[in-house]
Amino acid sequence: MDYSIETLALDKLETDCIIIGIYENQQLSPSAVLCDKLSNKIITQLIQRGDINGKNAETLLINYIPNSTINRILLLGLGEKGKITEKLFRKALSSAIATIKSEKIKSACCSLLEIEVKNNTEQWKTRQIIEVFNDAIYQYQETKSVKESKTELKSVSIVATTDIKPQAELGLQQGIAIAQGIQLTKFLADLPGNICTPSYLAEQAENIAASANKMSVEVLEESDMEALGMGSFLSVSRGSRQPAKLIVLNYQGASKEKQPIVIVGKGLTFDAGGISLKPGAGMDEMKYDMCGGASVLGTLQAVAEMDLNINIIGIVPSSENMPDGDANKPGDVVTSMSGLTIEILNTDAEGRLILCDALTYAKKFNPEVVIDLATLTGACLVALGRVPSGLLGNDDELCNDLIHASETACDSLWRLPLWEEYQDQLKSSFADLANIGGRDAGTITAACFLSRFTEDYRWAHLDIAGTAWRTGVNKGATGRPVPMLSQYLINRANA
Ligand code: BES
Ligand code: MN
Ligand code: ZN
């Protein structure tokens with residue numbers, strides 16, 4: 001897809017379709033007023049006839065305009081003027097792109113920067129247009145023998161007046177970078193587990209690093225992890241024929257002295273549960289258990305593309321979790337890199353077993369903060385559903401910064417408590433701690449487990465089990481929380 005900024009007047013645009021906004025109760029946006037003039041009052045007539053009222057996400061495509069240079073106009077309902085929230089703006093954009101797709105439109109010009117939104121910066125609005133459109137256009141094709149595209153859209157330009165062009169250009173650049181990061185994350189996540197193995201993810205990380213000049217990569221093999229004492233991580237991969245990888249990406253956008261932000265993503269390329277085998281129904285979705293890792297790769301690619309002046313380390317511990325003669329057994333005790341011993345009471349609580357060693361490894365980078373992302377608990381779906389990602393952490397400022405970023409990015413988070421009292425649920429008679437904490441508060445006890453390995457730095461954990469992919473007929477990865485993380489990193493770079 002080709003995205004650009006356009007400063008020509010509406011009647012000079014060479015496009016299949018101009019997208020303009022209509023406020024609820026028949027209020028026209030400035031572009032709508034202009035198009036109305038250029039189309040012999042067709043818009044006011046359609047509104048008077050009651051064909052469109054301007055309710056949020058309403059659309060009306062005017063397919064032919066007699067005696068006009070304009071080919072088509074897509075009228076887009078926005079809602080009441082002055083009351084358009086970020087979410088409503090995005091909802092309207094989703095609806096616009098759905099119509100563009102189904103009507104087989106090849107090029108579109110979006111004249112929506114003039115629309116009043118709560119977050120009213122041109123940069124933000126430009127970014128959202130690109131993110132929402134690109135998200136809707138994504139289509140997984142890789143393993144289909146017949147490739148059929150559901151859209152003919154090839155180019156989108158965003159109409160800006162010359163005075164706001166610089167802000168729109170910055171929004172365009174960031175929007176493309178983030179949208180492509182999301183796209184990469186979705187693609188890697190949607191790939192089946194027999195293709196997207198730990199080795200495959202490591203190769204992708206190498207490609208990302210090779211195409212960005214401030215990024216380098218190191219892939220630790222099982223023998224390296226053995227030498228580091230990562231007994232917990234390696235106990236999970238022992239049950240798999242696929243060798244585990246610890247992928248470490250290093251983006252250096254600021255001076256070496258500046259402490260890095262470390263992001264760690266769970267990269268379970270398939271989670272069968274191990275000896276504590278999962279039930280068969282829906283088990284295919286456990287190919288998505290690497291979404292945290294894929295989000296780390298997508299975010300780092302976006303950061304490099306945006307050329308942010310911060311240092312970031314991306315760590316992806318990657319493995320499969322399979323049943324096997326050599327797999328972890330319930331009751332086994334393993335020793336983590338930190339020295340803490342862990343009693344594995346359920347081999348399906350494997351995410352925390354690989355993450356704890358990656359989180360210990362993170363210390364060597366002298367991090368400013370560490371953020372981990374993981375499809376960690378089914379309990380998070382029970383607690384929060386598929387709307388926000390779960391957020392837990394040992395630092396209020398970091399948690400608040402992430403929540404702030406999530407609001408700007410429309411990629412929501414909800415914080416859960418990480419109180420001391422919950423730690424008791426992890427007591428073990430045979431090791432320093434158990435890897436499960438019983439039925440109650442499963443998302444919190446999983447985070448409690450991780451917190452035992454993150455005491456030396458400021459840390460936040462995102463449980464993305466409910467948000468990283470959609471289930472059902474529209475099954476597919478969402479690319480979350482790449483939008484929130486990218487926003488957080490932009491904010492940090494600007495701070
Ligand atoms: N990857 C799963 C969590 C998961 C399950 C995410 C379903 C999304 C949908 C994780 O490894 C897991 O199996 N967790 C167990 C933990 C339990 C054994 C304490 C779970 O949630 O059932
Ligand atoms: Mn599991
Ligand atoms: Zn898992």
Side-chain angles (χ1 to χ4, degrees), residues 189 193 196 198 201 232-233 235-240 242 244 264-295 316-324 327-332 342-356 358 372-390 392 416 422 425-428 433-450 461-472 475-478 480-481:
C196 185
L201 277 184
S232 183
F233 182 176
S235 79
V236 174
S237 74
R238 232 182 26 231
S240 161
Q242 293 291 337
V264 181
K266 173 179 174 183
L268 251 294
T269 58
F270 192 74
D271 177 14
I275 296 300
S276 313
L277 192 64
K278 285 184 182 294
M283 207 211 268
D284 63 291
E285 294 188 15
M286 283 299 116
K287 72 174 183 182
Y288 288 119
D289 213 15
M290 37 58 76
C291 280
S295 293
V316 182
S318 187
S319 168
E320 286 184 331
N321 184 26
M322 300 288 276
D324 178 88
N328 274 330
K329 303 174 294 297
D332 283 2
I342 302 162
E343 184 184 15
I344 300 172
L345 290 173
N346 189 320
T347 67
D348 198 10
E350 84 298 337
R352 58 199 83 179
L353 295 175
I354 73 165
L355 284 169
C356 69
D372 79 75
L373 335 166
T375 48
L376 203 61
T377 64
C380 195
L381 271 146
V382 177
L384 298 172
R386 295 179 184 274
V387 181
S389 305
L392 302 100
L416 299 172
Y422 292 105
Q425 287 178 240
L426 294 175
K427 283 195 171 144
S428 159
L433 75 168
N435 81 327
I436 56 171
R439 234 174 58 95
D440 298 351
T443 301
I444 296 173
T445 54
C448 282
F449 179 94
L450 297 178
H461 159 66
L462 302 174
D463 196 326
I464 58 171
T467 53
W469 76 92
R470 289 179 307 271
T471 186
K475 191 186 287 179
T478 61
R480 290 177 64 183

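In each ligand, atom 1 is the first atom listed, and ligand 1 is the first ligand listed. Each residue takes its place number in the sequence, starting with 1.
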So, with waters excluded, how many protein N/O/S atoms does the Zn ion (ligand 3) have closer than 2.8 Å? 4
Applying a 4.0 Å heavy-atom criterion (strictly less than), which segment of Asp348 is in contact with ligand 1: side chain, backbone, both, or neither? both
Heavy atom of protein closer than 4.0 angstrom to atom 21 (O) of ligand 1: yes
Using a 4.0 Å heavy-atom cut-off, say whether Glu285 meets ligand 1 through its side chain, its backbone, both or neither. neither
Using a 4.0 Å heavy-atom cut-off, which part of Leu376 comes near ligand 1: side chain, backbone, both, or neither? backbone
N/O to N/O below 3.5 Å, does that happen between Lys278 and ligand 1? yes
Would you check if there is a donor-acceptor pair between the side chains of Thr347 and Asn328 at a distance under 3.5 Å? no
Pick one of side chain, backbone, both or neither for how Phe449 approaches ligand 1, counting any non-hydrogen atom pair under 4.0 Å. neither
In chain order, what residues pass the ring pair (Phe, Tyr, Trp, His ring centres under 6.0 Å) check against Phe270, with sequence neighbours excluded? none
Minimum heavy-atom separation for Glu350 to Asp289, with atom names? OE2-OD2, 3.1 Å
With respect to Gln242, which candidate in Ser318, Ser237, Pro198 satisfies the side chain to side chain contact (heavy atoms under 4.5 Å, CB included) definition? Pro198
Ligand 1-proximal atoms of Met290, by part, heavy-atom distance under 4.0 Å: neither
Hey, which protein N/O/S atoms does the Mn ion (ligand 2) have under 2.8 Å? Asp271 OD2, Asp348 O, Asp348 OD1, Glu350 OE1
Among Ile464, Thr443, Ile436, Leu381, closest by any non-hydrogen atom to atom 19 (C) of ligand 1: Ile436
Can you check which of Gly378, Gly442, Ala446, Gly466 brings a heavy atom nearest to atom 4 (C) of ligand 1? Gly378
Residues which pass side chain to side chain donor-acceptor pair (under 3.5 Å) with Asp324, listed by chain and number, not counting sequence neighbours: none
State, yes or no, whether a side-chain contact exists between Ile464 and Arg480 at a heavy-atom distance under 4.5 Å. no
